[in-house]
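Lettering of chains follows the sequences in order, A, B, ..., and the numbering in each one begins at 1. Atom set for the values below is all heavy atoms of this structure, side chains included, hydrogens, waters and symmetry mates excluded.
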Number of protein chains: 2
Amino acid sequence: MDAFTALAHPVRREVLAMLRKGPLCSGDIAAAFEVAWPTMTGHLKTLKEAGLVTAERDGTSIVYRLNASILEDTAAMLLDLVAGGKKAKGTKT
Amino acid sequence: MDAFTALAHPVRREVLAMLRKGPLCSGDIAAAFEVAWPTMTGHLKTLKEAGLVTAERDGTSIVYRLNASILEDTAAMLLDLVAGGKKAKGTKT
DNA sequence: CTTGACATTAGCCTGTAGGCTAATTAGGAA
DNA sequence: TTCCTAATTAGCCTACAGGCTAATGTCAAG
């Protein structure tokens with residue numbers, strides 16, 4: 001699933017917001033929301049596939065970490081939709 | 001439908017990219033893609049509901065125009081997911 | 001090896017996004 | 001009015017996202 005689609009779900013955006021403060025394990029993330037744990041696992045999987053987070057096992061826990069660069073790239077693509085063909089680099093003329 | 005969800009579909013993002021060069025009418029947009037016209041009408045409706053475009057009738061045509069500010073806001077929200085709690089405003093220390 | 005906690009996978013169900021065709025509305029021209 | 005073109009709305013269908021419960025896998029501890 002691509003980053004835009006991954007970002008379309010409010011819970012997944014909230015997860016990213018939690019993660020910006022530092023890495024967290026699956027249980028902590030799941031506990032912070034109303035959804036069942038397996039549901040959160042699904043969201044985390046989606047985020048991981050989109051490259052927005054990374055996962056790493058640490059003992060019995062699995063630690064999720066925000067991947068800022070993908071998020072920045074995605075934001076840049078949005079800004080490009082506005083500016084890409086309008087202001088450009090001033091290369092023309 | 002919210003802006004993030006609206007942006008999740010590739011055709012809708014392409015429509016926005018077309019629109020950044022200037023306003024276009026429904027028919028021109030529909031003709032530029034493989035989808036049937038009513039399908040494109042649906043996408044345009046979604047974009048309009050998200051505030052990403054505006055529509056205005058001009059004779060028999062309906063002209064669609066990009067609303068850059070919503071797109072910029074949306075991009076800003078993404079960047080905030082990265083920086084919002086990390087770098088903040090430099091207020092601390 | 002058994003137990004217990006952490007997390008994912010498997011399986012099922014429901015709602016809705018996204019596609020099409022056909023019908024309808026809106027506006028200009030004859 | 002009548003007709004033609006532009007665009008939307010209505011209705012239907014299929015596929016898949018997103019939720020749950022139950023079962024399974026994984027690791028550390030005893």
Side-chain angles (χ1 to χ4, degrees), chain A residues 1-19 22-67 70-71 74 78 81, chain B residues 1-19 22-67 70-71 74 78 81:
Chain A
M1 190 173 280
D2 84 352
F4 286 107
T5 308
L7 288 164
H9 197 290
V11 164
R12 289 193 292 259
R13 289 197 300 275
E14 290 249 354
V15 169
L16 295 178
M18 286 182 67
L19 250 27
L24 290 170
C25 66
S26 185
D28 290 340
I29 298 170
F33 294 85
E34 292 285 296
V35 302
W37 197 332
T39 301
M40 185 53 74
T41 293
H43 285 311
L44 291 170
K45 186 178 180 186
T46 297
L47 288 169
K48 192 169 60 173
E49 281 173 9
L52 290 165
V53 303
T54 58
E56 183 190 357
R57 180 172 283 277
D58 175 33
T60 59
S61 297
I62 296 189
V63 175
Y64 286 87
R65 206 174 297 267
L66 182 64
N67 184 353
I70 300 286
L71 211 38
T74 306
L78 290 191
L81 286 180
Chain B
M1 191 173 277
D2 84 352
F4 286 108
T5 308
L7 288 164
H9 198 291
V11 164
R12 289 193 292 258
R13 289 196 300 275
E14 291 248 355
V15 169
L16 294 178
M18 286 183 69
L19 250 27
L24 291 170
C25 67
S26 185
D28 290 340
I29 298 170
F33 295 86
E34 293 285 295
V35 301
W37 196 333
T39 300
M40 184 54 74
T41 294
H43 284 311
L44 291 170
K45 186 178 179 185
T46 297
L47 289 169
K48 191 168 61 172
E49 282 175 9
L52 291 165
V53 303
T54 58
E56 183 190 358
R57 181 173 282 278
D58 175 33
T60 60
S61 297
I62 296 189
V63 176
Y64 286 86
R65 205 175 297 268
L66 182 64
N67 183 355
I70 299 286
L71 211 37
T74 306
L78 290 191
L81 286 180

Margin query: Please list, in numerical order, the residues of residues 52-63 of chain B that have a heavy atom closer than 4.0 Å to any atom of DNA chain D.
Written below: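 Nucleic-acid contacts, sorted: B/Thr60, B/Ser61, B/Ile62.
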Item checked: Residue-level proximity of residues 32-41 of chain A to DNA chain D when a heavy atom falls under 4.0 Å ->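 Correct list: A/Val35, A/Ala36, A/Pro38, A/Thr39.
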Any side-chain heavy-atom pair from [X] and [Y] closer than 4.5 angstrom?
{"X": "A/Leu24", "Y": "A/Ile29", "value": "yes"}
{"X": "B/Ile70", "Y": "B/Leu52", "value": "yes"}
{"X": "A/Leu71", "Y": "B/Leu81", "value": "yes"}

Margin query: What contact category does B/Gly42 fall into here, base, sugar-phosphate, or nothing, at under 4.0 angstrom with non-hydrogen atoms?
Written below: nothing
Results of side chain to side chain contact (heavy atoms under 4.5 Å, CB included) for [X] - residues two or more places apart only:
{"X": "B/Ala36", "result": "B/Pro38, B/Thr39"}
{"X": "B/Ile62", "result": "B/Ala55, B/Arg57, B/Tyr64"}
{"X": "A/Pro23", "result": "A/Val63, A/Arg65"}

Note to self: Short of 4.0 Å, heavy atom to strand atom, which residues of residues 2-16 of chain B count as contacting DNA chain C?
What the structure shows: B/His9, B/Arg12
Output side-chain donor-acceptor pairs under 3.5 Å for residues 4-15 of chain B, partner residues at least two apart or in another chain, one line each.
residue	atom	partner	partner atom	Å
B/Thr5	OG1	B/Asp2	OD1	2.7
B/His9	ND1	B/Val11	N	3.1
B/Arg12	NE	B/Ala6	O	2.6
B/Arg12	NH1	B/His43	ND1	3.2
B/Arg12	NH2	B/Thr5	O	3.2
B/Arg13	NH1	B/Leu7	O	2.6
B/Arg13	NH1	B/Ala8	O	3.3
B/Arg13	NH2	A/Asp2	OD2	3.4

Next item on the list: Among residues two or more places apart or on two chains, list those pairs meeting side-chain hydrogen bond (donor to acceptor under 3.5 Å, both in side chains) that have a residue in residues 44-56 of chain B.
Entry: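 For residues 44-56 of chain B, and leaving out neighbouring residues, there are no side-chain hydrogen bond (donor to acceptor under 3.5 Å, both in side chains) pairs at all.
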Checklist line | Verdict with reasoning, B/Leu19 to B/Leu47, per side-chain contact (heavy atoms from CB on, under 4.5 Å) | finding: CA-CA 12 Å; B/Leu19 250 27; B/Leu47 289 169; 5.8 Å; no
Note to self: So, using side chain to side chain donor-acceptor pair (under 3.5 Å) as the criterion, who are the partners of B/Thr41 when residues are at least two apart?
What the structure shows: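 For B/Thr41 there are no side chain to side chain donor-acceptor pair (under 3.5 Å) partners, ignoring immediate neighbours.
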Note to self: Using the side chain to side chain donor-acceptor pair (under 3.5 Å) criterion, which residues pair with B/Ser26? Sequence neighbours excluded.
What the structure shows: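 By the side chain to side chain donor-acceptor pair (under 3.5 Å) rule, B/Ser26 matches B/Trp37.
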Next item on the list: Using the heavy-atom set of chain B and a strict 4.0 Å cut-off, write down the first and last nucleotide of DNA chain C that makes it in, 5' to 3'.
Entry: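 On DNA chain C, the outermost contacted nucleotides are C/dA17 to C/dG28.
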